[in-house]
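First comes the structure, then the notes that go with it.
Chain identifiers are assigned alphabetically (A, B, ...) following the order of the sequence lines, protein sequences preceding nucleic acid strands; residue numbering begins at 1 within each chain. For clarity, every value in this text was computed on a predicted model and none was experimentally measured.
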Number of protein chains: 2
Amino acid sequence: MAKSPTTRDAVVPVLAEAFREHGYEGASMSVLQEASGLGRGSLYNFFPAGKEEMARAVLDDIRSWFAERVFAPLRAAAGGDRASAQAGIAAMLDEVDGYFRSGRRICLQGAFALGRERDRFAEAVGGYFSEWADALAAALGASGAPEPRALALRIVGAIQGGIVLARALDDPGAFVAALDDARRAARVEAQTRKD
Amino acid sequence: MAKSPTTRDAVVPVLAEAFREHGYEGASMSVLQEASGLGRGSLYNFFPAGKEEMARAVLDDIRSWFAERVFAPLRAAAGGDRASAQAGIAAMLDEVDGYFRSGRRICLQGAFALGRERDRFAEAVGGYFSEWADALAAALGASGAPEPRALALRIVGAIQGGIVLARALDDPGAFVAALDDARRAARVEAQTRKD
DNA sequence: GTCTATAAAGCGATAGAC
DNA sequence: GTCTATCGCTTTATAGAC
């Protein structure tokens, strides 16, 4: 049995997993209580505004993780030559594969985008995707791709679609294939201008 | 004010829209009652097993619509020559664009795939996507694409990802772009073997 | 700061009048 | 067949003991 987290920072990732597994509405206080091992009083002590504040903290935490492990490396790669930009994009896709556990783990922002949660968390959801697309477009541009913005949206979309398909078909291979396609697309488009 | 539907068949599309807008959990009996203009008694008369039966009827109705307007034409196109197969694929993408209203309307099966509903409706969700992918793969094969199955999954995934992005970024253009990419990919791959 | 008990509202489902 | 009233349960949030 895992030890109960004792700080707000430590409980956020646990809540994140509960939200991913049960959805926003499905993650009732009882579920969150059991997942965290904390009593109701402790949870409301950490998050006085209740469930909505918890979800906001979770979305923010996910975005921080991506900012550090995905967006920042992409922007760094965009500052180098074509080869390093391409390497940075490939590294991003590996990082993403690990994060989503080959499609077995959902993207909370993506799931929120499809539901009622979209309105309440619009800024967090939209910001996450536009930051991702911006960073990826920068790296794609540096890699030599002719239409980096469009390709970035295509790749981020393919990743989201891959998660949907992997879960719908109960086959992680659908997500892995989507990532492979993204890798290939990034490579091919980069060569388009490698004249 | 729209007239209240008086048959089970007529109420299903209304319930479908309510489920799309509110999600499975968010579509409470009160919401479904208000959306349909029917009393609780009528709804339970049509769907004795309650909400779950309503959702099943909705998923089945959507699948029927796709079977008639999307899957069957694709399979018919697959039986013709390369040109007609390509035309069938293009027509499918137009049909899909209209159905999802350029990304303003979500795919209920896709949304269910990302949530808890996936387990309860696994067969309906998985069947929808595999039927779609199968029909599209057949048409792609007939169009001359070298790896029709992989490309079919890529295209269906891109459509789902396009819906996620369009809603997350509050920009239907993201969905339209995903469809354009799909159109291009189907055309390019078909030419690959046009030797 | 953490707990339990409870309040107030909403849920899905049912019963019974008509 | 359609309605309203209501049951039993769960929800989020709060209050008060420790």
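- Atom pair A:His22:NE2 and D:dT11:P shows a separation of 11 Å (rounding to whole Å applied).
- Near DNA chain D, meaning a heavy atom under 4.0 Å away, there are no residues from residues 5-13 of chain B.
- Annotation: salt bridge (Lys or Arg N to Asp or Glu O under 4.0 Å) contacts of A:Asp181 (sequence neighbours excluded): A:Arg184.
- The distance from atom CG of A:Leu32 to atom P of C:dT2 is 16 Å, rounded to the nearest whole Å.
- Defining each end axis of the helix from C:dG1-D:dC18 to C:dC18-D:dG1 as the rotation carrying four pairs' C1' atoms onto the next four, with five pairs an end, the two axes are found to diverge by 10° to 10 degrees.
- Checked against salt bridge (Lys or Arg N to Asp or Glu O under 4.0 Å), A:Arg8 has the following partners two or more places apart in sequence or in another chain: A:Glu53.
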Extract all donor-acceptor atom pairs below 3.5 Å that involve side chains of residues 57-66 of chain A and protein atoms in other chains or at least two apart in sequence.
residue	atom	partner	partner atom	Å
A:Arg63	NE	A:Glu131	OE1	2.8
A:Arg63	NH2	A:Glu131	OE1	3.1
A:Ser64	OG	A:Asp60	O	3.1

### Message
Across nucleotides 3-18 of chain C, 5' to 3', mark each nucleotide with B, S or - according to how protein heavy atoms within less than 4.0 Å reach it.
### Response
B-B-----SBBB----
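- B:Arg40 and B:Gln33 share a side-chain donor-acceptor pair at under 3.5 Å.
- With sequence neighbours excluded, no residue forms a salt bridge (Lys or Arg N to Asp or Glu O under 4.0 Å) with A:Asp9.
- With sequence neighbours left out, B:Arg104 forms a side-chain hydrogen bond (donor to acceptor under 3.5 Å, both in side chains) with no residue at all.
- For residues 141-160 of chain A, the set of pairs meeting the side chain to side chain donor-acceptor pair (under 3.5 Å) definition, not counting sequence neighbours, comprises A:Asp134-A:Arg149.
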If you look only at distance, which donor and acceptor atoms sit under 3.5 Å apart when one is on a side chain in residues 42-52 of chain B and the other is two or more places apart or in another chain?
residue	atom	partner	partner atom	Å
B:Lys51	NZ	B:Tyr24	O	2.9
B:Lys51	NZ	B:Glu25	O	3.4
B:Lys51	NZ	B:Ala27	O	3.1
B:Glu52	OE1	B:Arg120	NH1	2.7
B:Glu52	OE2	B:Arg56	NH2	2.6

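- By the salt bridge (Lys or Arg N to Asp or Glu O under 4.0 Å) test, A:Asp180 pairs with A:Arg183, sequence neighbours left out.
- The interatomic distance linking A:Phe46 (CZ) with C:dG1 (C1') rounds to 8 Å, in whole Å.
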Please list every donor-acceptor pair under 3.5 Å in which a side-chain atom of residues 11-20 of chain A meets a protein atom from a residue at least two apart or in another chain.
residue	atom	partner	partner atom	Å
A:Glu17	OE1	A:Arg20	NE	3.2
A:Glu17	OE1	A:Arg20	NH2	3.0
A:Glu17	OE1	A:Arg105	NE	3.3
A:Glu17	OE1	A:Arg105	NH2	3.1
A:Arg20	NH1	A:Tyr99	OH	2.8

